[in-house]
Amino acid sequence: MGEEELKVLGAWGSPFSRRVEIALELKGVPFQYIEENVFDEKLKSPLLLKCNPVHRKVPVLLHDGKPVVESLIILEYIDETWKNNPILPPDPHRRAQARFWAHFIDHKCMPPVWTALLGSVEEREKAVEEVRECLKTLEGVLDGNRFFGGETIGLVDIAANFIAYWLRAIQEVSGLDFMNEDQLPLLTKWCEEFVSCNVVKEHLPPRDKLITFMKNWLSANGWSWTD
């Protein structure tokens, strides 16, 4: 397969588009990466708007000119298309469980993070506690394994890239205590293990750039470090 046959429309700071890159890297599948400006509607490319007219967001996977959107759907598409190094287990029940926890990360873990950053002081305290409870639940899913996928990186690990890298950057910038080693030792260890993998490190945004972006974004959204 030539690079021109597979394209990823993404954004440097998006954990969602980075998921797709990590999955393709795990599979050893070459692709062309196309950076999109996702913050200014006027600067979104015609290609992005054509491929994802409903949500107008990244990531988009273009395979032989056919678009696939939504990161978790793209991950399953990748796994079904390229069979080597599977990211979903072969057992139907375990596959269903992996899908459940990936969905849990996106729909239960992430939303209260944004509430903690953008809500009132009262909402912030409640949201931080909600994030902690979600992470505690997620830690239990590891069940003593190296990765959520067992001894190898799987769907849930890739979906949890936000927790391993972005959430800790957000915590550093905001000062909010979402997770620490004392409270979540197994999840903290997993974070270090995951981001240390070469296949993952190659597709994470530069930490300094991400920290600067987060500071500017929080300031633009009225964040006060004196609350």
Side-chain angles (χ1 to χ4, degrees), residues 6 8 10 14-29 31 52 55 57-61 63 66-114 130-168 178-179 183-204:
L6 194 66
V8 175
S14 167
F16 303 104
S17 62
R18 297 291 183 166
R19 288 173 175 176
V20 177
E21 295 176 54
I22 291 170
L24 290 171
E25 188 73 31
L26 282 169
K27 297 283 186 177
V29 180
F31 62 94
N52 192 358
H55 299 298
K57 295 179 180 179
V58 296
V60 174
L61 181 74
H63 186 200
K66 299 175 182 178
V68 186
V69 301
E70 299 292 321
S71 64
L72 295 182
I73 293 174
I74 295 172
L75 293 182
E76 292 210 40
Y77 178 86
I78 290 170
D79 206 40
E80 292 171 359
T81 304
W82 294 277
K83 303 297 185 180
N84 61 305
N85 302 325
I87 59 176
L88 275 161
D91 176 72
H93 182 261
R94 290 182 60 208
R95 289 172 72 90
Q97 289 295 101
R99 292 186 180 105
F100 173 85
W101 290 114
H103 189 274
F104 175 84
I105 290 164
D106 278 7
H107 297 279
K108 293 293 289 185
C109 294
M110 286 191 186
V113 173
W114 308 125
E130 186 177 347
V131 174
R132 289 174 183 163
E133 288 300 314
C134 287
L135 296 180
K136 184 178 179 181
T137 298
L138 197 62
E139 183 179 65
V141 181
L142 278 167
D143 196 28
N145 292 314
R146 182 184 179 193
F147 297 111
F148 289 100
E151 286 303 306
T152 58
I153 292 173
L155 177 73
V156 181
D157 299 282
I158 298 171
N161 69 339
F162 173 81
I163 294 166
Y165 196 72
W166 278 261
L167 183 61
R168 293 195 295 172
F178 294 113
M179 62 181 294
Q183 294 172 339
L184 298 167
L186 299 180
L187 191 61
T188 301
K189 182 180 179 181
W190 168 83
C191 289
E192 296 296 339
E193 188 88 25
F194 179 74
V195 300
S196 296
C197 293
N198 289 332
V199 71
V200 175
K201 282 193 296 186
E202 293 178 10
H203 297 284
L204 293 175

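Since we're looking at a predicted model, the values are computed, not measured.
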> Once you round to the nearest 0.5 Å, how far does CZ of F147 lie from OG1 of T152?
Replying inline: 8.0 Å
>> With rounding to the nearest 0.5 angstrom, report the NZ to CD1 distance, K27 to I22.
In response: 14.0 Å
> Can you name the residues that form a side chain to side chain contact (heavy atoms under 4.5 Å, CB included) with A98, not counting sequence neighbours?
Replying inline: L88, P89, L155, V156
> For the rings on F178 and W166, is their centre-to-centre separation under 6.0 Å?
Replying inline: no
>> Can you give me the closest heavy-atom contact between A160 and I105, atom names plus distance?
In response: CB-CD1, 3.7 Å
>> Minimum heavy-atom separation for L75 and A23, please, with both atom names.
In response: CD2-CB, 3.5 Å
> Can you name the side chain to side chain contact (heavy atoms under 4.5 Å, CB included) partners of K108, sequence neighbours left out?
Replying inline: F104, C134
>> If the condition is side chain to side chain contact (heavy atoms under 4.5 Å, CB included), which residues does T81 pass it with, not counting sequence neighbours?
In response: H63, Y77
>> For L167 and L135: C-alpha separation, side-chain torsions, deciding distance, then whether side chain to side chain contact (heavy atoms under 4.5 Å, CB included) applies.
In response: CA-CA 11 Å; L167 183 61; L135 296 180; 3.9 Å; yes
> Which pairs with one or both residues in residues 83-93 pass salt bridge (Lys or Arg N to Asp or Glu O under 4.0 Å), sequence neighbours excluded?
Replying inline: none
> In Å and rounded to the nearest 0.5 Å, what is the CG to CG distance from L204 to N161?
Replying inline: 7.5 Å
>> The test is side chain to side chain contact (heavy atoms under 4.5 Å, CB included); show your working for F16 and V58 and say whether it passes.
In response: CA-CA 8 Å; F16 303 104; V58 296; over 6 Å; no
> For L142, what residues pass the side chain to side chain contact (heavy atoms under 4.5 Å, CB included) criterion, not counting sequence neighbours?
Replying inline: F148, L186, L187, W190
> Taking only residues two or more places apart in sequence or in another chain, which ones pass side-chain hydrogen bond (donor to acceptor under 3.5 Å, both in side chains) with Y165?
Replying inline: none
>> With a sphere of 6.0 Å drawn around NZ of K57, does it hold more than 12 non-hydrogen atoms of other residues, nucleotides or ligands?
In response: no
> Within the distance-only criterion (no hydrogens, no angle test), does the side chain of R168 pair as donor or acceptor with the backbone N or O of A164 below 3.5 angstrom?
Replying inline: yes
> With sequence neighbours left out, what residues match H107 under ring-ring contact (aromatic ring centres under 6.0 Å, His included)?
Replying inline: H103
>> Minimum heavy-atom separation for A102 and A159, please, with both atom names.
In response: CB-CB, 3.9 Å
>> For a 4.5 angstrom cut-off between non-hydrogen side-chain atoms, does L26 reach I158?
In response: yes
> Is it true that a side-chain atom of D157 and a backbone atom of G149 form a donor plus acceptor pair closer than 3.5 Å?
Replying inline: yes
>> According to salt bridge (Lys or Arg N to Asp or Glu O under 4.0 Å), does anything in residues 15-24 pair up with another residue at least two apart or in another chain? List the pairs.
In response: R18-E21, R19-D106
> At what distance, to the nearest 0.5 angstrom, does SG of C109 lie from CD1 of I163?
Replying inline: 4.5 Å
>> Once salt bridge (Lys or Arg N to Asp or Glu O under 4.0 Å) is applied, do any residues pair with R99, and if so which ones, sequence neighbours excluded?
In response: E76
> Which is it for W82 and I78 under the side chain to side chain contact (heavy atoms under 4.5 Å, CB included) test, yes or no, and what are the steps along the way?
Replying inline: CA-CA 6 Å; W82 294 277; I78 290 170; 3.9 Å; yes
>> Can you give me the closest heavy-atom contact between S196 and K201, atom names plus distance?
In response: O-CE, 3.4 Å
>> Can you tell me how far apart CD (E139) and CG (L184) are? Round to the nearest 0.5 Å.
In response: 4.5 Å
>> The criterion is side-chain hydrogen bond (donor to acceptor under 3.5 Å, both in side chains); which residues satisfy it with E193, sequence neighbours excluded?
In response: R146
> How would you list, by chain and number, every residue that makes a side-chain hydrogen bond (donor to acceptor under 3.5 Å, both in side chains) with Q183, sequence neighbours excluded?
Replying inline: N180
> In chain order, what residues pass the side-chain hydrogen bond (donor to acceptor under 3.5 Å, both in side chains) check against N145, with sequence neighbours excluded?
Replying inline: none
> So how far is it from N52 CG to L61 CG, rounded to the nearest 0.5 Å?
Replying inline: 12.0 Å
